[in-house]
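Working notes, structure below.
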2 protein chains.
Amino acid sequence: MSAQPRTARGTRTRARLLAAAEDVFASAGYHDASIVRITEQAGIGLGTFYLYFGGKQEIFDEVVNDLNARVRHAMTEAARTAEDRFDAEREGFRAFFRFTAQHPALYRIIRQAEFVSPGAQRRHYERIVRSYAHGLAAAQDAGEVRPLDPEVAAWALMGMGELIGMRYILWEAGGVGEADGAPRDIPDHVLDELMALIQRGLAPDAPPPAAPPREDVRHD
Amino acid sequence: MSAQPRTARGTRTRARLLAAAEDVFASAGYHDASIVRITEQAGIGLGTFYLYFGGKQEIFDEVVNDLNARVRHAMTEAARTAEDRFDAEREGFRAFFRFTAQHPALYRIIRQAEFVSPGAQRRHYERIVRSYAHGLAAAQDAGEVRPLDPEVAAWALMGMGELIGMRYILWEAGGVGEADGAPRDIPDHVLDELMALIQRGLAPDAPPPAAPPREDVRHD
DNA sequence: AGCAAACATGAAAGGTGATTCAGGTTACGG
DNA sequence: CCGTAACCTGAATCACCTTTCATGTTTGCT
């Protein structure tokens with residue numbers, strides 16, 4: 001069984017194991033990520049691993065939870081300062097892509113969770129959707145988003161982000177040779193195209209054609 | 001090394017191995033899918049496996065290619081009779097969801113390909129996107145779709161389908177208890193919501209509202 | 001300083017699974 | 001009804017991994 005560290009040294013050791021595990025799972029995959037590799041990468045003895053984690057699956061789950069919390073934090077934080085729904089969408093997605101660029105582990109690990117830990121995978125997606133759907137519902141009440149099922153929309157929009165991120169962030173921009181290892185940002189035109197799809201998909205229907213404009217629009 | 005069968009018996013044996021592999025990879029995952037399990041499920045001797053496949057990874061790749069060809073065929077076939085772009089989208093997605101319901105192996109296997117065979121995974125997605133982007137470009141030329149980058153749009157739309165399928169097909173409809181093992185179709189309202197997003201996202205801009213009356217916008 | 005409690009360690013036990021191979025069985029042209 | 005090529009087989013080999021544990025080291029407290 002795992003145990004919580006009781007001293008500063010133990011805390012540090014546990015954290016190093018977690019970080020190493022994220023690395024190794026992401027680069028080698030669950031199957032090839034042996035405990036030996038994780039402890040080596042962490043610079044820690046093999047046996048020590050079992051002081052803090054019950055086993056391979058247990059540390060995997062913890063890595064998933066950790067990544068989930070971090071990516072949601074990044075997105076929420078980015079969207080918090082937005083003034084309208086569209087701004088929130090754009091900044092949220094931008095934060096997601098940035099996180100993806102800086103932590104490719106997110107994708108690789110979530111995908112593996114399909115078999116390694118289906119429950120953890122499901123929790124990951126559902127947590128993101130929940131807050132996304134909340135945001136959409138609120139925007140809907142405010143009239144910024146047309147009537148729609150916020151949950152279905154949230155899954156669809158998250159899907160767009162997922163594959164766009166995979167293609168344009170993880171699979172380095174196809175074609176243009178870029179050798180440096182620097183994490184690339186989402187190309188502007190890709191984000192623009194994505195936001196255009198989203199905005200048009202969510203926008204309220206235009207008011208009845210030639211709708212009687214309110215008083216803020218003056219006609220003489 | 002693998003070898004092609006030279007007799008009817010050999011052909012049958014190879015096909016049984018492939019089918020069994022799809023099953024086992026999908027239900028147990030690559031890691032837990034031992035050759036023993038595959039050959040047992042196929043009702044074939046262990047050693048026989050190596051007459052037809054070079055190893056575990058080789059048969060995995062072949063399963064991926066096979067699934068890819070089948071799902072694309074299903075989608076293309078469904079979209080072929082459509083009269084306009086929107087119809088094509090709807091029928092294509094419907095076919096994709098139906099295929100997903102009938103062959104959950106598709107998702108589970110593609111996701112694992114991330115590590116097992118990144119090349120095969122990439123080919124899978126890229127093949128789907130290529131034909132999707134072609135369709136969009138053609139519709140664009142025909143004026144049925146607004147100006148946009150067909151490739152970016154194709155990735156985004158495929159992403160919607162991927163996550164919607166995962167949520168509403170693979171994760172049996174959340175909440176409503178349905179015990180039977182029958183593959184469920186996509187709920188109508190989900191498909192409707194999805195199509196609404198797509199249609200609005202792709203539709204050409206409405207022609208200048210109410211016949212472009214130049215003279216009514218006066219700035220003195 | 002002195003002493004528990006925490007912490008660290010890696011050799012070895014106990015498993016599992018991919019792949020090989022030497023030896024049978026089946027199919028089919030002649 | 002032969003003979004040969006194709007096909008089939010599963011025990012054995014080899015490699016590698018998770019997990020345990022007996023033994024040593026460090027930390028924090030008094």
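Convention: sequence-line order gives letters A, B, ...; per-chain numbering from 1. Everything numeric in this text was worked out from a predicted model, so none of it was measured. Excluded from the calculations below are hydrogen atoms, water molecules and symmetry mates; all remaining heavy atoms, backbone and side chain alike, are included.
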What's the [atom1]-[atom2] distance between [X] and [N], to the nearest Å?
X       : N      : atom1 : atom2 : answer
B:Tyr52 : D:dA6  : OH    : C1'   : 8 Å
A:Ile44 : D:dT26 : CD1   : P     : 15 Å
B:Leu46 : D:dA11 : CG    : C1'   : 10 Å
A:Tyr50 : D:dT18 : OH    : C1'   : 4 Å
A:Ile59 : D:dT18 : CD1   : P     : 12 Å
A:Leu51 : D:dT19 : CG    : C1'   : 12 Å
A:Gln4  : C:dC7  : CD    : P     : 10 Å
A:Arg6  : D:dT26 : CZ    : P     : 21 Å

Closest listed nucleotide, where the reference is the side chain of A:Pro5 and the choices are C:dC7, D:dC7, C:dT19: C:dC7

Nearest to side-chain heavy atoms of A:Arg9, which nucleotide of C:dT26, C:dA12, C:dA8: C:dA8

Position toward the 5' end of DNA chain C (nearest nucleotide), A:Ala8 or B:Gly47: A:Ala8

Side chains of B:Asp87 and B:Asp84 in contact at under 4.5 Å (non-hydrogen atoms): yes

Sugar-phosphate, base or nothing in reach of B:Thr48, heavy atoms under 4.0 Å: base

Touch class at under 4.0 angstrom, heavy-atom based, for B:Thr7 against every strand present: sugar-phosphate

Within 45° cone and under 6.0 Å: A:Arg70 NZ/CZ vs A:Phe99 ring: no

Salt-bridge contact B:Arg94-B:Glu89 (side-chain N to carboxylate O under 4.0 Å): no

A:Arg130 with A:Glu126: basic N within carboxylate O range, under 4.0 Å: no

